[in-house]
Amino acid sequence: MPTPTPSTTRAALLVLADGRFPAGGHAHSGGAEAAVRAGRITGAAELEEFCRGRLHTAGLVAASLAAAAALGVGPAPLDAAADARTPSPALRRVARRLGRQLMRAARATWPSAELDALADRFPKGAHQPVVLGLTARAAGLGAEDAAYCSVYESVGGPASATVRLLSLDPFDATGVLARLAPEMDLVVGRAVEAAWRAVDEGVDVLPAVSAPLLEIGAEAHGGWAVRLFAS
Amino acid sequence: MTATATGGVRATARIAARADGRGGTALPVLESEGPLAVRRTRAASGDEARVMLVGAMSGPLGGDHFTVAARAGAGARLRVGSAAATLALPGQTGGGARYDVRLDVAAGAELCWLPEQLISARGSELYVSSRVDLAPGARLVLREEQVLGRAGEEPGRLTSRLTVRLGGRPLLDQELACGPGAPGGWDGPAVLAGHRALGQLVVVRPEYAESAPAARVLGECAALTPLAGPAVLVTALAADALRLRRVLDEALAVLG
């Protein structure tokens, strides 16, 4: 079972989880822009349901991959597992672009031979959660930390994007995140448990929960001429 | 057919197809069990074998565990359909039901797996696991359709995982969890947004390794997406089963 994070690495976790960490995530809405355009998000209530759905699907999958990478599961099988869990080519491109951007920031921040090897193996970028897991290792963080970063990103991105897309009150957006916090804790627990299973049984046992409208919306969004966010 | 620990029915149906050496497909194994019956039906073309799954009883009910295993050996062309929709219903014992589909396709073989819809009735609890193992050079057309509740009815609890492996490597791995008790947000704007019919069509063809169809959006709530391998997936949501089938049929026609 996961060991608790030693308090000595807590500051490193804040550095990695900070929205100002220069890994390019701010340019992405996590599917919120497509959902706003389709009329599926018009206010804080729908944003909350959107984030809740994303958390338990793509969020859980990403957190499990990140936690498994942080535990030392091979990055190449994890990257293939991420491909199989991402049918939308638009989302696969986004995941690799974000992985490449995180890789640059991570190597500059926490130089590590494992990150160098991953960058050599995937010159066009590995899936972002895989890079995130290895970044956590390089920063001296554990699987639970990696899963927390991933889970928080999965809802924080859409929430802050919706503030810009709908001129939503930032207090309302932050309220959404605070109300989701207990569920984020639950999802982190499931992700870390699955990651430990993957150490023994391989990557097939990792969660594969999908969100059809995120996949379909990403393909529609990729075809727009004008958009505020890259995805 | 045996009883499961929860007092339900355990039944397995098996189908195996192989080239008959005269340009056709033989069915050396065609085993029915309990409520799962398999029948050979007349094929549209000379080289394929057609099999129909016939549900002799309604189900799966809570506590039941059904398995259908089909294998298309080298050179075989097998097409499997079902006579009617599968209706997941609550059981007497209150436990969940399980439905496993295990498909295996050899190099140069083709499997078309085109059953009717799975309907998740109110109060039911079903876990469906579909696993497809393809050898390099295998061909596949697979359709899955889930309908959440009968007309105007609340859905049951449904979890459905579809895993397709090609040459031992994962090609597609997707799970959908919905209905009462599923993790939150399943019916919200990121996942189903109130749609009550959802479907997936997976088409694997070796020639897609050279050139796969480009990604495209099919109407409001469907998309055709090339996977990271010689395959495409069509994902579709619709208000009801009829509209869903129309979208998937059109997508299949586009793929030719």
Side-chain angles (χ1 to χ4, degrees), chain A residues 30-32 34-36 38-42 45-61 77 79-92 158 180 183 186-187 190 202-204 206-223, chain B residues 129 131 146 159-178 182-195 197-202 212-229 231-238 247:
Chain A
V36 165
R40 291 194 289 268
I41 302 178
T42 58
E46 290 116 334
L47 171 64
E48 182 167 337
E49 274 307 281
F50 178 90
C51 288
R52 183 170 279 117
R54 191 164 197 262
L55 169 65
H56 289 289
T57 55
L60 172 64
V61 170
D79 192 79
D83 262 350
R85 285 157 177 73
T86 318
S88 154
L91 288 182
R92 289 198 299 275
L180 287 172
E183 282 175 74
L186 275 173
V187 170
R190 290 181 59 199
V203 299
D204 287 358
L206 293 173
V209 209
S210 63
L213 281 174
L214 290 181
E215 301 282 334
I216 295 165
E219 288 303 321
H221 185 270
Chain B
S129 152
R131 185 178 164 126
Q146 286 108 13
T159 306
S160 177
R161 184 149 180 177
L162 169 62
T163 305
V164 182
R165 298 175 68 83
L166 174 62
R169 291 172 51 84
L171 178 63
L172 177 68
D173 205 339
Q174 293 272 276
E175 181 177 294
L176 193 95
C178 53
W186 64 268
D187 204 18
V191 188
L192 297 182
H195 293 90
L198 55 134
Q200 303 200 94
L201 179 73
V202 188
R216 73 174 88 176
V217 174
L218 308 165
E220 271 284 282
C221 281
L224 183 155
T225 50
L227 301 178
V232 299
L233 173 73
V234 178
T235 307
L237 300 180
V247 174

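Being a predicted model, the structure only gives us computed values, none of them experimental. In what follows, chains are A, B, ... by sequence order, proteins preceding strands, each numbered from 1. Atom set for the values below is all heavy atoms of this structure, side chains included, hydrogens, waters and symmetry mates excluded.
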- Answer whether the closest heavy-atom distance between the side chains of B:Pro189 and A:Leu213 falls below 4.5 Å. no
- Select one option (side chain, backbone, both, neither) describing which atoms of A:Arg85 are under 4.5 Å from chain B's heavy atoms. both
- Under a 4.5 Å heavy-atom cut-off, does chain A meet the side chain of B:Arg216, its backbone, both or neither? neither
- Query: Looking at A:Leu55, A:Val187, A:Leu214, which one has more heavy-atom pairs under 4.5 Å with chain B than the rest?
  - Reply: A:Leu214
- Out of A:Arg190, A:Glu183, A:Arg52, which one pairs with B:Pro183 under the side-chain contact (heavy atoms from CB on, under 4.5 Å) rule? A:Arg190
- Task: Could you have a look at A:Glu46, A:Glu48, A:His56 and say which one has the most heavy-atom pairs with chain B under 4.5 angstrom?
- Result: A:His56
- For A:Leu206, is it the side chain, the backbone, both, or neither that has a heavy atom closer than 4.5 Å to a heavy atom of chain B? backbone
- Note on the structure: All heavy atoms of B:Thr235 vs all of A:Pro212, minimum pair found to be CG2-CB, 3.9 Å
- Item | Residue among B:Val232, B:Leu218, B:Leu171 with most heavy-atom pairs under 4.5 Å to chain A | B:Leu171
- Message: With a 4.5 angstrom heavy-atom cut-off, is it the side chain or the backbone of B:Leu192 that approaches chain A, or both, or neither?
- Response: both
- Query: If you tally heavy-atom pairs under 4.5 Å against chain B, which of A:Gly217, A:Gly31, A:Pro89, A:Ala35 wins?
  - Reply: A:Pro89
- Item | Residue among B:Gly188, B:Ala228, B:Ala236 with most heavy-atom pairs under 4.5 Å to chain A | B:Ala228
- Segment of A:Glu219 engaging chain B (4.5 angstrom heavy-atom cut-off): both
- Note on the structure: d(A:Asp204 CG, B:Arg131 CZ) to nearest 0.5 Å is 6.0 Å
- In terms of heavy-atom pairs under 4.5 Å with chain B, the winner among A:Ser210, A:Gly53, A:Ala208 is A:Ala208
- Item | side-chain contact (heavy atoms from CB on, under 4.5 Å) partner of A:Val209, the single match among B:Arg161, B:Gln174, B:Glu175 | B:Glu175
- Task: For residues A:Ala211 and B:Ala190, report the shortest heavy-atom separation together with the two atoms involved.
- Result: CB-O, 3.3 Å
- Item | Contact class of B:Val217 relative to chain A, heavy atoms under 4.5 angstrom | side chain
